[in-house]
*Asks:* 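Next up is a structure, given as structure tokens.
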Amino acid sequence: MSDKKKIYKPKPISGFPEWLPEYRAVEQAWLDKIRAVFESYGYASIETPSVEELDVLTAKGEDVDKEIYVLERLQADPDEKKSARLALHFDQTVPLARYVAQHFAELTFPFKRYQMQKVWRGERPQMGRMREFYQCDIDVINVDKLPIHFDAEVAAVVYEALESIDIGRVQLRISNRKILLGLMEALGIEDPVPVTRFIDKLEKLGAKEIKHILIGEVGLTPEQTDAILDLAGQQDLSKIKPQNEMMAEGLEELSFVMDQLKHLPVHGARADLSIVRGLDYYTGTVYETQLLDVPEFTGSVCSGGRYDDLAGSYINKHLPGVGISIGFTRLFDVLRQANKIQPGPKSPAQVLVVLPSEERRTVAAEAARNLRERGMNVELYHAPQKIGKQMGYAEKKSIPFVWFPPFEDGQDHEVKNMENGEQTKADPKSWSA
RNA sequence: GCGAUCGUAGCUCAGCUGGUAGAGCCCUCGGUUGUGAUCCGAGUGGUCGCGGGUUCAAGUCCCGUCGGUCGCCCCA
């Protein structure tokens, strides 16, 4: 062995966040609250593996491949089958589809499930964009036909979940793709994809710029462009004249959903026809969510929509669904960086029991045990160091109470409130904060 | 993947037109005997991202490379 050992200087891996205990405590509390709201509406928890077969993940065929992380052994078998390659899932909707197809016979429909897991995307990290992050999904899947009121329910559920974690005002922006797609069909636009992609950027770039692009780059006529921009900017659904069946259907659905969300605060849900969600598999209702009190971040913290046929790639059944996903880590990190999160304690302990000396360890340990038996989180200090040092430890870990077992036989236990400095005699079998 | 910008102690940073490194925080110890936060003192800690070049001399200039951050693409 050489005298100088090699030190690998630790550094964060970009896009793979980790928090200190005082923030992890908050993160856990948030997850618990969201879970409670999901369950209050009868959504059941499932967890799927971190990996799926690559073929399953790419079955939808869209250009998600570039963000998929593939899993392989360092020394892979040369003749390992390529078709069975595993990859980390990039969302929870595709695994859900596979799950539902696989367990179809054992599930009861409508299947309402929530899932809070990490997902991975191989993209360049940015503010609010990670390569590893939690998503909290809820979805409802049914056979053949899924009532439209679920489109309102999932929105209401996530709104309530977000409300429960005290993050300021949020706003759901809701649209229905049938409206814009219907209009484009009526206008004779053959390829709606590039149009929807730019309409999605309407708020960011502005109507003037989008008009310029749609005419100049996409090749629409000024008339087509005006018709589309008029629609995308229209706030009042009753002022829209449906040009065909598809538009009429979309309008009816969206009106119904908005009507069902009337119980939310005024800012809570808004119809916004510029929301189209790029080139996703969504076919009807689509959602995005803005943090109204963090204007510096304009991205969506919670998105989703309805899909006509969720699992068609995996099973010969017609399974429509609607779902929405909280971008949990994005939400957490954006608020953390905006200084809107009050960090929790550095330790879950409520009481630190002082260890006066090795001889008194038994007495101290018993006091700790008595307190724990009555539900408290209690840490026994690890070494008989100077009392001031032990208290400094409690101070630094924000442990609110320090317990003094008797230093000599016959003395009383005492407990000190670290916030106000008060110290009183106490019995470990009956004391409570 | 493309563009811009940055890279000095564990953290946040200073170091002017080149002369072989500093502050604050953190950490450890101390300011005597069983009581924290403040204050004071001392100490640990860096091959200045890495490699090459210019120069008597480079953290400081030049080139390359790697990494971070931001923007674009895309999205939670």
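Sequence lines set the chain letters: A, B, ... in the order given, protein chains first and strands last, and positions in each chain run from 1. All values reported here derive from a predicted model rather than from experimental measurement.
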*Asks:* Less than 6.0 angstrom separating the ring centers of Phe332(A) and Trp30(A), yes or no?
*Replies:*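 Yes.
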*Asks:* Please determine whether side-chain hydrogen bond (donor to acceptor under 3.5 Å, both in side chains) holds for the pair Gln290(A) and Gln171(A), giving the CA-CA distance in whole Å, both sets of side-chain angles, and the decisive distance to 0.1 Å.
*Replies:* CA-CA 5 Å; Gln290(A) 311 291 313; Gln171(A) 177 171 69; over 6 Å; no
*Asks:* May I ask you to say whether Arg361(A) pairs ionically with Glu358(A), meaning some side-chain N is under 4.0 Å from a carboxylate O?
*Replies:* yes
*Asks:* Rounded to whole angstrom units, what separation is found between the CZ atom of Phe198(A) and the C1' atom of C74(B)?
*Replies:* 13 Å
*Asks:* What is the distance from CD of Glu67(A) to P of C74(B), rounded to the nearest Å?
*Replies:* 11 Å
*Asks:* When the ring planes of Tyr307(A) and Tyr281(A) are compared, do they come out parallel, tilted or perpendicular, using 30° and 60° as the limits?
*Replies:* perpendicular
*Asks:* Taking the C1' atom of each, how far is C48(B) from C6(B), in whole Å?
*Replies:*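 Looking at atom C1' only, C48(B) and C6(B) are 15 Å apart.
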*Asks:* Under 3.5 Å, sequence neighbours excluded: what are the donor-acceptor pairs made by side chains of residues 400-410 of chain A?
*Replies:*
residue, atom, partner, partner atom, Å
Trp403(A), NE1, His413(A), ND1, 3.0
Asp409(A), OD1, Arg360(A), NH1, 3.0
Asp409(A), OD1, Arg360(A), NH2, 3.3

*Asks:* Using a strict heavy-atom distance below 4.0 Å, which residues from residues 113-140 of chain A are in contact with RNA chain B?
*Replies:*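 Contacts with RNA chain B under 4.0 Å: Arg121(A), Glu123(A), Arg124(A), Pro125(A), Gln126(A), Met127(A), Gly128(A), Arg129(A), Met130(A), Phe133(A), Gln135(A).
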*Asks:* Between the protein and nucleotides 5-13 of chain B, list the N/O to N/O atom pairs that are separated by less than 3.5 angstrom.
*Replies:*
none

*Asks:* Just to be sure I understand the geometry, which residues of residues 26-40 of chain A put a non-hydrogen atom under 4.0 Å away from RNA chain B?
*Replies:*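 RNA chain B contact set from residues 26-40 of chain A: none.
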*Asks:* Write down the distance separating the P atoms in C25(B) and G68(B), rounded off to the nearest Å.
*Replies:*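 C25(B) and G68(B) have their P atoms separated by 31 Å.
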*Asks:* Who are the salt bridge (charged side-chain N to carboxylate O under 4.0 Å, His left out) partners of Glu422(A), not counting sequence neighbours?
*Replies:* none
*Asks:* Answer yes if the side chains of Glu160(A) and Tyr41(A) hold a donor-acceptor pair under 3.5 Å, and no otherwise.
*Replies:*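 Indeed, the side chains of Glu160(A) and Tyr41(A) share at least one donor-acceptor pair under 3.5 Å.
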*Asks:* When the side chains of residues 205-213 of chain A are checked against the rest of the protein, which donor-acceptor pairs come out under 3.5 Å, sequence neighbours left out?
*Replies:*
residue, atom, partner, partner atom, Å
Lys211(A), NZ, Asp226(A), OD1, 3.1

*Asks:* For Phe297(A) and C70(B), what is the distance between atoms CZ and P respectively, to the nearest whole Å?
*Replies:* 11 Å
*Asks:* Please state the C1' separation for the pair G19(B) and G51(B) - nearest whole angstrom.
*Replies:* 24 Å
*Asks:* Measuring only the P atom in each nucleotide, how far is A23(B) from G46(B)? A whole number of Å is fine.
*Replies:*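 It comes out at 15 Å once rounded to the nearest Å.
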*Asks:* Enumerate donor-acceptor pairs with a distance under 3.5 Å from any side-chain N or O in residues 258-265 of chain A to protein atoms, sequence neighbours excluded.
*Replies:*
residue, atom, partner, partner atom, Å
Asp259(A), OD1, Lys262(A), NZ, 2.6
His263(A), ND1, Gln260(A), O, 3.3

*Asks:* By salt bridge (charged side-chain N to carboxylate O under 4.0 Å, His left out), which residues pair with Lys389(A), not counting sequence neighbours?
*Replies:*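 Here no residue qualifies.
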*Asks:* Quick one: stems for RNA chain B, with Watson-Crick or G-U pairs under 3.5 Å, at least three in a row?
*Replies:* B:1-7 with B:66-72, B:10-13 with B:22-25, B:27-31 with B:39-43, B:49-53 with B:61-65
*Asks:* Just grab all the side chain to side chain donor-acceptor pair (under 3.5 Å) pairs involving residues 337-350 of chain A, residues at least two apart or on different chains.
*Replies:*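 Of all non-adjacent pairs touching residues 337-350 of chain A, those that pass side chain to side chain donor-acceptor pair (under 3.5 Å) are Asp333(A)-Gln337(A).
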*Asks:* Would you say Ser303(A) places a side-chain N or O within less than 4.0 Å of OP1 or OP2 belonging to C75(B)?
*Replies:*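 Checking Ser303(A) against C75(B): no side-chain N or O falls below 4.0 Å of OP1 or OP2.
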*Asks:* Quick one: Asp333(A) CG to U69(B) C1', roughly how many Å, whole number?
*Replies:*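 Roughly 13 Å, once rounded to whole Å.
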*Asks:* Both Gln337(A) and Ser300(A) contact RNA chain B. Which one's nearest nucleotide lies toward the 5' end?
*Replies:* Gln337(A)
*Asks:* Using nucleotides 32-41 of chain B, report all nitrogen or oxygen pairs with the protein that are shorter than 3.5 Å.
*Replies:*
residue, atom, partner, partner atom, Å
G34(B), O6, Gln411(A), OE1, 3.1
G34(B), O6, Gln411(A), NE2, 3.0
U35(B), O2, Lys416(A), NZ, 3.4
U35(B), O2, Gln423(A), OE1, 3.3
U35(B), N3, Gln423(A), OE1, 2.9
U35(B), N3, Gln423(A), NE2, 3.2
U35(B), O4, Gln423(A), NE2, 2.9
G36(B), N1, Met418(A), O, 2.4
G36(B), N2, Glu395(A), OE1, 2.5
G36(B), N2, Met418(A), O, 2.6
G36(B), N3, Glu395(A), OE1, 3.0

*Asks:* Please report, rounded to the nearest Å, how far the P atom of C72(B) is from the NZ atom of Lys201(A).
*Replies:* 8 Å
*Asks:* Tell me if the centroids of the rings in Phe133(A) and Phe328(A) come within less than 6.0 Å of each other.
*Replies:*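 They do not qualify: ring centres at least 6.0 Å apart.
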*Asks:* C75(B) C1' sits how many Å from Phe328(A) CZ, rounded?
*Replies:*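 Between C1' of C75(B) and CZ of Phe328(A): 19 Å.
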*Asks:* Evaluate salt bridge (charged side-chain N to carboxylate O under 4.0 Å, His left out) for Glu27(A) paired with Arg24(A), printing each intermediate quantity in order.
*Replies:* CA-CA 5 Å; Glu27(A) 186 180 44; Arg24(A) 172 61 175 167; 2.8 Å; yes
*Asks:* Roughly how far apart, to the nearest Å, are C50(B) and A21(B) at atom P?
*Replies:*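 Going atom to atom, P in each nucleotide, I get 15 Å.
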*Asks:* Is there a donor-acceptor contact under 3.5 Å linking the side chains of Tyr69(A) and Glu132(A)?
*Replies:* no
*Asks:* How far does the C1' atom of U33(B) sit from the matching atom of A37(B), given to the nearest Å?
*Replies:* 23 Å
*Asks:* In whole angstrom, give me the gap between the P atoms of C61(B) and C16(B).
*Replies:*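 These two P atoms come out 9 Å apart once rounded.
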*Asks:* Can you tell me the distance, in whole Å, between the CZ atom of Arg277(A) and the P atom of C74(B)?
*Replies:* 12 Å
*Asks:* Using the P atoms only, state how far U44(B) lies from U55(B), rounded to an integer number of Å.
*Replies:* 39 Å
*Asks:* Any chance the side chains of Gln92(A) and Ser325(A) put a donor and an acceptor closer than 3.5 Å?
*Replies:*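 Result is no, nothing qualifies.
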*Asks:* Mind checking salt bridge (charged side-chain N to carboxylate O under 4.0 Å, His left out) for Lys112(A) and listing every partner two or more places apart, or none if nothing turns up?
*Replies:* Glu153(A)
*Asks:* May I ask you to check whether Tyr43(A) and Tyr114(A) place their ring centres under 6.0 Å from each other?
*Replies:*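 Aromatic pair excluded; centres sit 6.0 Å or further apart.
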*Asks:* When the distance from CZ of Arg330(A) to P of C74(B) is rounded to whole Å, what number comes out?
*Replies:* 14 Å
